[in-house]
2 protein chains.
Amino acid sequence: MSEEIIELSERKKLILKAIIDSHIQNGEPVGSKYLSENKQIACSSATIRNEMAELEASGFLEQPHSSAGRVPSEKGYRFYVDSLMQQYSMTSTEIAELNKILASKHTEADGILESATKVMSVMTNYTGLTVRPKPTGVVVTRFDTMYVDDLCFALIMLTSTGEIKTKKIRSGFVLEMNDVKRIGEALNATLTNVDPDNINVPIMLELERRLDGLELLANPLVKIVYDLLRQGDGSELKYEGVNRLLEYPEFSDTEKLKHLLQAFDNKSGLLDVVSSAVGDDTNIIIGSENPLNEMNDSSLIFKTIRVGGKPVGAIGIVGPRRMDYARVCAVVKYIAESLERSMDGNMLSPPDNK
Amino acid sequence: MSEEIIELSERKKLILKAIIDSHIQNGEPVGSKYLSENKQIACSSATIRNEMAELEASGFLEQPHSSAGRVPSEKGYRFYVDSLMQQYSMTSTEIAELNKILASKHTEADGILESATKVMSVMTNYTGLTVRPKPTGVVVTRFDTMYVDDLCFALIMLTSTGEIKTKKIRSGFVLEMNDVKRIGEALNATLTNVDPDNINVPIMLELERRLDGLELLANPLVKIVYDLLRQGDGSELKYEGVNRLLEYPEFSDTEKLKHLLQAFDNKSGLLDVVSSAVGDDTNIIIGSENPLNEMNDSSLIFKTIRVGGKPVGAIGIVGPRRMDYARVCAVVKYIAESLERSMDGNMLSPPDNK
DNA sequence: TTTAGCACTCAAGTATTCCGAGTGCTAATA
DNA sequence: TATTAGCACTCGGAATACTTGAGTGCTAAA
């Protein structure tokens with residue numbers, strides 16, 4: 001219950017760090033003999049054994065079975081992440097590579113998030129994920145319409161989040177170019193800056209009045225506007241590179257892998273987890289710290305992406321509990337920041353290559 | 001080499017079908033004794049054994065090892081699919097359920113494909129996939145622009161495939177509402193119906209002339225138009241419900257699963273496979289019929305989706321080789337056809353519930 | 001406080017045995 | 001000639017026992 005605060009001696013910290021670093025690399029329990037070869041730890045394996053026993057007693061280590069080496073516990077990882085892990089700084093090659101890939105992808109907000117996720121996945125060799133929160137309180141700031149043909153026109157909406165949403169609409173009857181223009185004007189006059197939940201009878205009546213002659217369209221139009229604002233992009237969570245996880249022995253247990261894949265499918269659950277993490281720093285969720293039981297065997301690192309102060313989504317990495325926290329944090333942070341810089345709308349002038 | 005055409009006796013067909021049906025259901029080799037319990041096959045296990053031996057000799061069956069039952073070979077599945085399988089007709093409950101889900105998703109083309117894929121995956125309990133081909137020969141038929149703020153405007157393009165693409169553009173300098181309008185006019189006058197690869201110097205000059213005072217924008221604008229037309233939506237292939245495959249013992253072999261997941265990541269490869277299948281009927285690719293080696297242990301069923309005669313994508317199912325071809329075919333076909341009906345642009349009037 | 005030494009533990013790999021579902025073949029039967 | 005009962009045979013998979021060695025905890029000496 002009450003977490004006893006334990007001060008670890010420098011040597012203990014050194015040993016704990018060495019164990020975690022080693023275990024992150026090869027996934028196997030770490031033994032005292034191996035550690036004694038480490039130049040930094042200047043004592044015999046017997047001493048290390050004693051230290052390890054104490055570290056286990058205070059909950060930082062675990063023993064898979066009585067004659068095996070030690071493995072970090074979740075508490076161990078947490079301590080490592082909070083105070084042991086040394087900041088990983090990406091090599092200039094890595095940075096250059098990242099910049100190249102990010103620069104080549106000048107597509108829509110949606111696309112750029114996805115390709116960034118892919119890059120993250122490749123660079124870290126874990127699974128990358130993208131989250132786009134369900135929009136709330138979003139209103140339309142401007143409507144536009146576009147004549148397509150006799151029976152078809154396009155509705156274009158600029159939302160308060162700065163996104164543009166479009167929808168092709170086929171009407172049941174012939175529309176003149178002028179009609180289409182009028183539809184746009186009517187919408188602009190009645191539905192801008194209106195929360196879709198607050199569309200009431202007076203507004204509807206006004207819309208119908210302005211649509212004079214095209215009243216039939218009023219109801220369906222409102223419905224479409226509502227849907228476009230509410231439904232976001234349909235799927236709010238995407239992941240890339242699940243296959244990478246198969247390389248880690250912890251997921252060769254099919255059951256564990258299944259759990260994880262189920263978590264990926266349970267999009268709303270994962271969405272909640274990400275949304276509820278408010279801090280705009282990098283979030284690290286280790287094993288069972290994750291309220292989603294399916295993800296209790298893996299760790300999650302992500303960072304919210306804000307444009308103009310408002311969160312527009314998040315990107316992150318899912319990997320085994322023993323993932324390379326230092327490196328992943330650095331990569332996620334770097335990519336998230338690059339994205340923030342470039343998502344705000346794309347400069348016409350080439351991006352400043354600092 | 002030269003495929004000998006073998007006429008199978010009715011009884012052989014019956015036995016083959018029974019074996020495949022059974023194997024599809026429980027994934028295990030089928031023995032003669034089990035088959036002899038089948039009322040339709042009115043003969044002893046010994047006779048069945050003889051028949052099975054012959055079916056194996058002609059390549060329709062295989063024996064995992066000499067003292068096991070028989071398992072369908074790829075040739076067996078092919079024959080089953082081509083001439084044995086009885087058409088599965090969906091129950092009215094299934095149809096009603098499908099309609100409900102499809103109707104509730106009135107989002108963009110992109111979104112509707114994805115949710116349809118999800119539905120397919122849930123209904124069949126295999127992995128669903130969506131493919132959107134790389135656009136070729138697409139041109140812009142109409143441009144529009146929308147003023148966002150001083151420094152930002154939106155570019156809206158109606159393409160020859162009837163899709164609408166948008167892009168928010170932040171300029172390096174202040175733009176009046178009128179400037180934005182002029183940009184649209186300039187683009188409409190110069191770049192409509194021009195293949196992005198054929199944008200040449202005269203066109204560029206004309207664009208610059210018309211942008212009079214905003215020449216700086218000419219080059220970046222062209223680049224953006226080019227990108228939007230070329231890059232499609234970034235990711236052309238999506239899948240849903242990979243975890244479902246883990247339920248099938250054939251994929252508890254991690255290696256096989258890995259292969260398959262790699263195939264999913266090798267988007268361009270899978271894209272080629274789907275694109276090269278021209279027939280607009282349902283395509284069935286069994287095991288090693290698939291040129292993608294990674295998918296030689298699984299089967300793929302998909303159907304191209306055409307809108308106005310032009311293919312706009314495809315949806316399909318990936319599952320183990322022993323997948324329930326009859327049912328999957330029916331579901332894929334039904335969903336594809338529903339999509340074709342509803343993707344062509346959404347009626348304002350409620351869809352005709354036949 | 002540290003370390004050398006030693007007895008002990010236990011997972012994982014290897015060898016061996018056993019079981020039975022399912023076969024192919026032969027000889028009897030319809 | 002086609003079918004069937006009967007029987008010996010095969011071979012993967014489960015169960016069991018045996019071996020190995022990495023790693024431990026503990027004790028006693030430095």
Side-chain angles (χ1 to χ4, degrees), chain A residues 7-16 18-20 22-23 25-73 76 249-250 252-254, chain B residues 7-16 18-20 22-23 25-73 76 249-250 252-254:
Chain A
E7 266 307 314
L8 295 183
S9 70
E10 280 311 310
R11 193 171 63 188
K12 279 210 179 62
K13 284 185 191 168
L14 204 60
I15 290 174
L16 182 55
I19 291 176
I20 297 185
S22 157
H23 187 256
Q25 266 223 323
N26 45 42
E28 260 155 44
V30 185
S32 58
K33 197 175 164 194
Y34 168 83
L35 286 173
S36 68
E37 285 159 18
N38 185 322
K39 293 274 160 61
Q40 295 215 43
I41 306 171
C43 54
S44 75
S45 67
T47 312
I48 295 176
R49 274 204 292 285
N50 289 332
E51 296 282 58
M52 290 203 298
E54 286 174 39
L55 280 168
E56 186 178 358
S58 33
F60 293 97
L61 294 178
E62 281 166 0
Q63 223 173 356
H65 58 90
S66 73
S67 72
R70 296 311 204 292
V71 156
S73 68
E250 32 271 85
S252 60
D253 174 355
T254 325
Chain B
E7 267 306 315
L8 294 184
S9 70
E10 281 311 310
R11 192 170 64 189
K12 280 210 178 61
K13 284 184 191 169
L14 203 59
I15 290 175
L16 182 56
I19 290 176
I20 297 185
S22 157
H23 185 71
Q25 266 224 324
N26 44 43
E28 260 155 43
V30 185
S32 58
K33 198 178 165 194
Y34 169 81
L35 287 172
S36 68
E37 285 159 17
N38 185 321
K39 293 272 160 63
Q40 297 215 43
I41 307 170
C43 55
S44 75
S45 66
T47 312
I48 295 176
R49 274 203 293 284
N50 289 332
E51 295 283 57
M52 291 202 298
E54 284 172 40
L55 280 168
E56 184 177 359
S58 33
F60 293 98
L61 294 177
E62 281 166 0
Q63 222 173 357
H65 59 90
S66 73
S67 71
R70 298 308 205 294
V71 156
S73 68
E250 31 270 85
S252 60
D253 174 357
T254 325

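What you see is a predicted model, and the numbers here were worked out from it, not measured in a lab.
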Starting at atom CZ of R70(B), determine the distance to atom C1' of dG24(C), rounded to an integer number of angstrom. 9 Å

Going from CD on E54(B) to CG on L8(B), what distance comes out if it is rounded to the nearest 0.5 angstrom? 10.0 Å

Starting from P on dG25(D), measure out to CE on M52(A) and report it in whole angstrom. 7 Å

Atom CG of L61(B) and atom CD1 of I19(B): how far apart are they, to the nearest 0.5 Å? 4.5 Å

Which pair of heavy atoms, one from L14(A) and one from Q40(A), lies closest together, and at what distance? CD2-O, 3.4 Å

Can you measure N26(A) atom CG to dA22(D) atom C1' for me and round it to whole angstrom units? 15 Å

Distance-minimising heavy-atom pair for P29(A) and P64(A): CG-CG, 4.0 Å

Looking only at non-hydrogen atoms, find the nearest pair between Q63(A) and G69(A) and report the distance. CG-O, 3.7 Å

Using every non-hydrogen atom in the two residues, find where I15(A) and M52(A) come nearest and quote the distance to one decimal. CG2-CG, 4.3 Å

Look up atom CD in E28(B) and atom NE2 in H23(B), then write down how far apart they are to the nearest 0.5 Å. 9.0 Å

Between atom CG in L55(A) and atom P in dT24(D), what is the gap in whole Å? 13 Å

Measuring from K33(A):NZ to R49(A):CZ, what's the distance to the nearest 0.5 Å? 10.5 Å

Counting primed atoms plus P, OP1 and OP2 as sugar-phosphate and everything else as base, spell out the protein contacts along nucleotides 1-20 of chain C at 4.0 Å heavy-atom distance: B, S or - for each nucleotide, 5' to 3'. -SBBB---BBS---------

Residues touching DNA chain C, which here means a heavy atom under 4.0 Å, drawn from residues 27-37 of chain A: none

Drop me the distance from I20(A)'s CD1 to S73(A)'s OG, to the nearest 0.5 angstrom. 7.5 Å

Roughly, in whole Å, what's the span from CD in E51(A) to P in dT24(D)? 14 Å

Listing time: all N or O pairs from protein to nucleotides 28-30 of chain D that are below 3.5 Å?
none

Going from CG on L55(B) to OG on S9(B), what distance comes out if it is rounded to the nearest 0.5 angstrom? 8.0 Å

Could you tell me which non-hydrogen atom of S22(A) sits nearest to which non-hydrogen atom of N26(A), and how far apart they are? O-OD1, 2.9 Å

